[in-house]
There are 2 protein chains.
Amino acid sequence: MTFDKSPDGRGRGYHHGNLREALIETALRLIAERGPSGFAFVELARAAGVSPAAPYRHFADRGALLAEVARRGFERFTEALETAWNGGRPDPVTALEACGRAYLAFARREPASYAVMFETGIPLEDDPALRAASERAFAVLRRASEALCATMTQNRPPALMVALHIWSLAHGIASLFIGHGESGRRRLPMTPEDLLEAGVLIYLQSLGLGAARATP
Amino acid sequence: MTFDKSPDGRGRGYHHGNLREALIETALRLIAERGPSGFAFVELARAAGVSPAAPYRHFADRGALLAEVARRGFERFTEALETAWNGGRPDPVTALEACGRAYLAFARREPASYAVMFETGIPLEDDPALRAASERAFAVLRRASEALCATMTQNRPPALMVALHIWSLAHGIASLFIGHGESGRRRLPMTPEDLLEAGVLIYLQSLGLGAARATP
DNA sequence: ATGTCATGTGAACAGCGTTTACACCACTCG
DNA sequence: CGAGTGGTGTAAACGCTGTTCACATGACAT
């Protein structure tokens, strides 16, 4: 692998030198602008100043590029959740709420990735790396729920179920009220963040965790 | 408008007689089989035994057909929710749970409609009929939440917020765990229906509605 | 210097969405 | 009953897409 060109793709010779990354970056930009099916494979090639056949040296087909975009998305998503969880500090309830905010923040900051990860019917069963990345993301929420349930002494609910509830609520809110260029989505009398925080609070209160916060 | 052919589309003359409906039916079938972007406009024409230009007599373009599919979907969706709500009988909590089951049942029974309605970035701002249909569907959940909140005497939460929480949870579960041909989705240790019912129960319990059921 | 292999090219293919000018025919009106 | 009109379908064409193939290039190891 050789990088014989400036990072913006101009002034190259016969070989691009960074085509794979350039294609992914352009795809992310176009998807963010025009939705998950709003880019043409050939268009990425044009933007990189390369022939329509060149991308096929780096991706088996259009779907493979999408899968790679989704995989990278899941990895950054996992990082964001992990950072927000922060080992359960200062206390599990506060940390879980931080995860919720991180979830929505990701959908806002990387609408293109989020759309490809969740709103495309991307085949995640025949791409082991993609499936694994997706499971690592959910594992963060599951571990968080386990830590949270472990603090309870009675009427302990299944941690997996709690994780699925939080995930579903966060995903539902993100999917209904965030993304698609700020225009195509329904309006809310509150921010999605506040909506999610209130929902999680109500939910956890029912589990007896309403006051299980660190009070420094 | 004349129907000069048998209902299955065979044996017609120059005019099809039922093309608009035939196109929509075929679209629903193909979307259910291959996902929301898995059908070609021309393919619908072929299936109806008609030239590629004929569908343009009935729909401005491919997107208009999708919008019509979504609009009809929202109408059947509204009916299903309304039936499940059943005027809040026997009691609002039980009726709201029935709505939750109806929500998931719709996503299961009409995966094609559901996908077009919610998982395509369909432009619902520039089609008033579509937008109205979508709002009528949500209005059912909102009225249900209002009836439910009206039964509370203290600490009454905003009904709109409750409706948004229920909707988001139901949509999150449907979107993550139902549809796309039973294969492309994540596996669960319980049915989506049970997951949703448990979530709603925990949520409502926190609002003091855990025992607000009719006990005949 | 030479050979190799990853990477890019050019040309071609079928299929798609869409438009245009034209053909048909069920119906209304005289 | 006969003429004409408007809704519906046709044929042919356009540019664009995803994809493949044989071939060209040149970075790098030997």
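Residue numbering restarts at 1 for every chain, and letters A, B, ... go by the order of the sequence lines. Only this structure's heavy atoms are used, side chains among them; waters, hydrogens and symmetry mates stay out. Owing to the predicted nature of the structure, the values given are computational and were not obtained by experimental measurement.
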Q: To the nearest Å, give me how far apart CG (B:Leu44) and P (C:dG15) are.
A: 16 Å
Q: Please confirm whether the backbone N or O of B:Ala163 pairs with a side-chain atom of B:Arg142, one donor and one acceptor, at under 3.5 Å?
A: no
Q | Within residues 20-31 of chain B: residues closer than 4.0 Å to DNA chain D (heavy atoms) | A | none
**Q.** Nearest listed nucleotide, side chain of A:Pro52, among D:dT19, C:dG8, C:dT18
**A.** D:dT19
Q) Starting at CG of A:Leu66 and ending at P of D:dG18, how long is that distance when rounded to a whole Å? A) 11 Å
Q.
What is the distance, to the nearest angstrom, from the CD atom on A:Glu43 to the P atom on D:dT19?
A. 15 Å
**Q.** Donor/acceptor link under 3.5 angstrom from B:Arg57 side chain onto base of D:dG7
**A.** no
Q | Given C:dT19, D:dG18, D:dT20, the nucleotide with the shortest approach to the side chain of A:Ala53 | A | D:dT20
Q) Expressed in angstrom and rounded to an integer, what is the separation of A:Leu19 atom CG from C:dT7 atom P? A) 9 Å
(Q) Centre-to-centre under 6.0 Å for B:Phe138 and B:Phe77, is that the case here? (A) no
Q. Over how many whole Å does the gap from A:Asp61 atom CG to D:dT17 atom C1' extend?
A. 14 Å
Q.
Determine whether a donor-acceptor pair (N or O, by modelled atom type, separation under 3.5 Å) exists between the side chain of B:Thr94 and the backbone of B:Arg89.
A. no
Q) At under 4.0 Å between heavy atoms, what does B:Ala40 touch on the DNA or RNA strands: base, sugar-phosphate, or nothing? A) sugar-phosphate
Q: Please check the phosphate of C:dG8 (OP1 and OP2 only) for any side-chain N or O of A:His58 closer than 4.0 Å.
A: yes
**Q.** Whether B:His171 side chain and A:Ile173 backbone form a donor-acceptor pair below 3.5 Å
**A.** no
Q. Thinking salt bridges, do B:Glu135 and B:Arg131 make one under a 4.0 Å N-O criterion?
A. yes
Q) Counting side-chain heavy atoms from C-beta on, which of C:dG10, C:dG17, D:dT19 comes nearest to A:Arg62? A) D:dT19
Q) For A:Leu141, does its backbone N or O pair with a side-chain atom of A:Ser145 as donor and acceptor, under 3.5 Å? A) yes
Q. Starting at CG of A:Leu65 and ending at C1' of D:dT17, how long is that distance when rounded to a whole Å?
A. 15 Å
Q. Once you round it to whole Å, what is the distance between P of D:dA12 and OH of B:Tyr56?
A. 18 Å
Q) How far apart are the C-alpha atoms of A:Tyr203 and A:Val162, what are their side-chain angles, what is the distance that settles it, and do they pass the side-chain contact (heavy atoms from CB on, under 4.5 Å) test? A) CA-CA 9 Å; A:Tyr203 179 87; A:Val162 173; 3.9 Å; yes
Q. Could you give the CZ-to-P distance, from B:Phe39 to C:dG17, as a whole number of Å?
A. 8 Å
